[in-house]
Amino acid sequence: MSLGARLKAILPEFFLQPRGVEGRDRLNYVRIWRYSVIGMIAVAVVPLIILAGINYYQYRRALKAEAVHPVHLLVSNNKRAISFFLQERQSALKFVVREKSFDDLYDPQILTRTMDHLKQAFGGFVDLGLIKADGLQVGYTGPYDLQGLDYSSQAWFKEVVEKGTHVSEVFKGFRGVPHIVISVKHLLRDGSFFILRATLDTEGFNEVIRAMDMSPDSDNFLINQAGVLQTASRRYGQALGRIQLSLPAASAESEVVEIRDDQGESVVLGYARIENSPFTFVAIKPSAHLTVESRGLLSELLIFTIGSVMVILFMILRVATSMVGHIFTADRQRIWALHEMEYSHRMASIGRLSAGVAHEINNPLAIINEKTGLLQDLITAMPDLPLQNKFMKLTESILQSVKRCSTITHRLLGFARHLDVEIEPIDLKVLLEEVLGFLGKEATYRNVTVDLTVWLGVPIIESDKGQLQQVFLNIVNNALEAVDQGGHVGIELKPSGQERVSVTIRDNGVGIPRENIKRIFEPFFSTKGRKGTGLGLAITYGIIKKLGGSISVESEVGRGTSFVVTLPLNSPAPKLGGGD
Ligand code: ADP
Ligand code: MG
């Protein structure tokens, strides 16, 4: 298929050949076409694109939820585990203070033994201290020399007095090793109290955290409220370093957000506060996998959407084009029909007028003819008449002109006579051969080839023989006159549909300019000057109409012309009184 043909399927003909239609008319069809295309796009393509957008958005959300869910789980599990880890140790201390009296614990041996038991039962204990209500550490067992320290002015001491328990942040203290302190207060019956204070190394936390998530790309750690790392982070460095990550205010519920970290990388960040402690657990996973997946999804969705949009657009263009095309052709046919009607009316009146004129002129012509003949006889009878030859020539040219005039008047009369029709069965092949036989001599003389092609199965038709002869004589004659020496005229006879036959007379002659095509069927329109009468096609047109047929012409200047005469198998019975 050529590009033109392909375009024709989706763009109206008048887009491609704007000259075929007049300006305003064309604008109308273009407008109808454009509106219908826009309308159909609005109801078909727009919803599709919106749906695809919604689809994409939802799919992305689902994907995100999928990436977020494991982090959620990890955070809440870790939170619970760490919380449990701390509570377990607090409970152990509470159990000790309930079990043992102040005096028991005051005994260094018992304190050391208790410490050993705690170490064995729960890992992570480093030392144990006994503090009196005034803040003085009166008992201590552990690797450092902290006996006798006064804690009364320290914040944690005030808090444990107030609340009963306390978990400290991670700090290095005197020892230079990160650790945390948990303390419990025990009320005595007399209203006074003492405090048991234990130090834990942060290894315990690290183990809990490590046990929860082994995947190499994730980073799990604890921070305090001020954003200081409490355990080591893969990404943000050692414990007690400050973290370059602004966290939303943490709550006890685990939260997961997607953010860009300080290195501009997109990460999934989960966090949760650990109750009764200053810690917030944080888990960070790169969210790269999410974007890769969604990119795949996006391209699939995009390809699908673009594909469907293209198909729909193509269909819309086709439908709009064929619809507007139909309207266009229907309109043109209607206009043509109106023209034709007007034209045949005009032809009829011209025909009657010319028949009248011809009739009137015939008599004087006959007289001129007769008298000129007489004049010639006289001239011949006077041999010594001066300038006899000159007279002879003059009268000869009068006779010729009269002959020409009578040809015209006879044709005009014929034109009027064609109002009456005589129907008989006709084999068009035979009829065309007769016509060609008639014109054959001239064709051979001018070295023009004429051929007749007859298709199989052309039926016999019922029509008027003499008039059809006249028709084809006129058309073939014109064709012969249009071609040069060595030209070609082809005649093709074939069935046309069920009820008709068509005869195409094609020549490769001079062609007819566009502005003349409208006029060639008018009586007296001729481009042949003195050689033409301009009646041939006018008469032809009248006859064909009368016989219920139609005639059409296509021509290109310099390339040739083809006339197509289509005739019904049965011509309508002649109307009485004739004349249209
Ligand atoms: P005439 O032949 O006497 O001029 P017609 O009615 O037969 O009158 O034809 C009218 C005009 O149509 C011609 O003068 C000619 O310009 C044009 N015409 C008709 N047939 C052809 C043709 N086959 N090729 C080119 N021009 C044609
Ligand atoms: Mg002619």
Side-chain angles (χ1 to χ4, degrees), residues 339-340 343-344 346-348 350-351 353-355 357-358 400-401 403-418 432 435-436 438-443 446-453 466-493 502-546 549-566:
H339 271 305
E340 251 183 348
Y343 192 71
S344 46
R346 216 166 61 202
M347 292 266 292
I350 293 173
L353 176 70
S354 37
V357 171
Q400 260 177 28
S401 297
K403 201 172 160 214
R404 186 170 144 71
C405 281
S406 68
T407 324
I408 295 179
T409 50
H410 275 105
R411 281 199 155 184
L412 282 177
L413 283 173
F415 187 38
R417 242 205 331 275
H418 291 310
L432 286 168
V435 169
L436 290 183
F438 201 53
L439 295 168
K441 230 180 232 130
E442 178 175 355
R446 290 188 48 217
N447 198 16
V448 174
T449 49
V450 181
D451 60 50
L452 171 65
T453 316
Q467 302 208 12
L468 280 185
Q469 267 173 347
Q470 175 89 34
V471 163
F472 294 117
L473 211 59
N474 284 339
I475 299 175
V476 177
N477 216 350
N478 281 344
L480 288 174
E481 282 168 355
V483 298
D484 280 334
Q485 282 271 332
H488 176 82
V489 176
I491 302 169
E492 192 180 9
L493 167 62
S502 78
V503 181
T504 307
I505 298 98
R506 196 174 283 116
D507 67 67
N508 60 355
V510 289
I512 307 168
R514 186 181 288 278
E515 63 272 19
N516 283 355
I517 287 239
K518 285 184 242 158
R519 306 188 57 201
I520 56 172
F521 295 106
E522 279 174 22
F524 307 110
F525 176 79
S526 175
T527 55
K528 295 171 188 163
R530 280 175 51 85
K531 280 204 281 172
T533 59
L535 287 173
L537 287 181
I539 292 168
T540 299
Y541 183 88
I543 295 173
I544 291 174
K545 281 279 125 173
K546 195 121 314 137
S550 64
I551 180 168
S552 66
V553 57
E554 261 173 45
S555 185
E556 200 173 320
V557 172
R559 305 202 58 174
T561 308
S562 68
F563 282 89
V564 181
V565 176
T566 310

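Whatever order the structure lists them in is the order used to number ligands and atoms, beginning at 1.
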Could you go step by step and tell me if Asp507 and Asn478 meet the side-chain contact (heavy atoms from CB on, under 4.5 Å) rule? CA-CA 9 Å; Asp507 67 67; Asn478 281 344; over 6 Å; no
Heavy-atom contacts with Phe525 under 4.0 Å: which atoms of ligand 1 show up? List them by number with element. 8 (O), 10 (C), 11 (C)
Would you say Lys403 has more than 12 foreign heavy atoms packed within less than 6.0 Å of its NZ? no
The single option from Ile475, Val564, Thr566, Val471 that satisfies side-chain contact (heavy atoms from CB on, under 4.5 Å) with Ile551 is Ile475
Quick one, Ile491 with Leu436, criterion side-chain contact (heavy atoms from CB on, under 4.5 Å). Give me CA distance, side-chain angles, the key distance, then yes/no. CA-CA 10 Å; Ile491 302 169; Leu436 290 183; 3.6 Å; yes
Indicate yes or no: does an N/O atom of Ala538 lie under 3.5 Å from an N/O atom of ligand 1? no
Considering only heavy atoms, does Ile512 approach ligand 1 within less than 4.0 Å through its side chain, its backbone, both, or neither? side chain
Please state whether the rings of Phe563 and Phe521 are parallel, tilted or perpendicular, taking 30° and 60° as the class boundaries. perpendicular
Heavy atom to atom 3 (O) of ligand 1, shortest distance: which of Gly534, Ala479, Gly511 holds it? Gly534
Could you report the tightest heavy-atom contact between Gly532 and Arg404, atom names first, then the distance? O-NH2, 4.3 Å
Considering the heavy atoms of Ile520, write down every atom of ligand 1 situated less than 4.0 Å from one of them. 6 (O), 10 (C), 12 (O), 17 (C)
Which one holds for Asn477 and ligand 1: side chain close, backbone close, both close, or neither close, with close meaning a heavy atom under 4.0 Å? neither
Residue part near ligand 1, for Phe521, under 4.0 Å between non-hydrogen atoms: neither
Go through ligand 1 atom by atom and flag the ones less than 4.0 Å from a non-hydrogen atom of Leu537. 5 (P), 6 (O), 7 (O), 9 (O), 12 (O), 19 (C)
Any heavy atom of Asn474 closer to ligand 1 than 4.0 angstrom? no
Heavy atoms only: give me the nearest Ser550-Ile544 pair and the separation to one decimal. N-CG2, 3.4 Å
Ligand 1 atoms nearer than 4.0 angstrom to some heavy atom of Gly532 are 3 (O)
Within less than 2.8 Å of the Mg ion (ligand 2), any N, O or S from Asn474? no
Number the atoms of ligand 1 from 1 as they appear, then name those within less than 4.0 Å of a heavy atom of Ser526, with their elements. 1 (P), 4 (O), 14 (O)
Where do Asp451 and His488 land on the side-chain contact (heavy atoms from CB on, under 4.5 Å) test, with the steps shown first? CA-CA 8 Å; Asp451 60 50; His488 176 82; 2.8 Å; yes
Derivation of the side-chain contact (heavy atoms from CB on, under 4.5 Å) call for Thr527 and Arg519: CA-CA 11 Å; Thr527 55; Arg519 306 188 57 201; over 6 Å; no
So which bit of Thr527 gets within less than 4.0 Å of ligand 1, heavy atoms only: side chain, backbone, both or neither? both
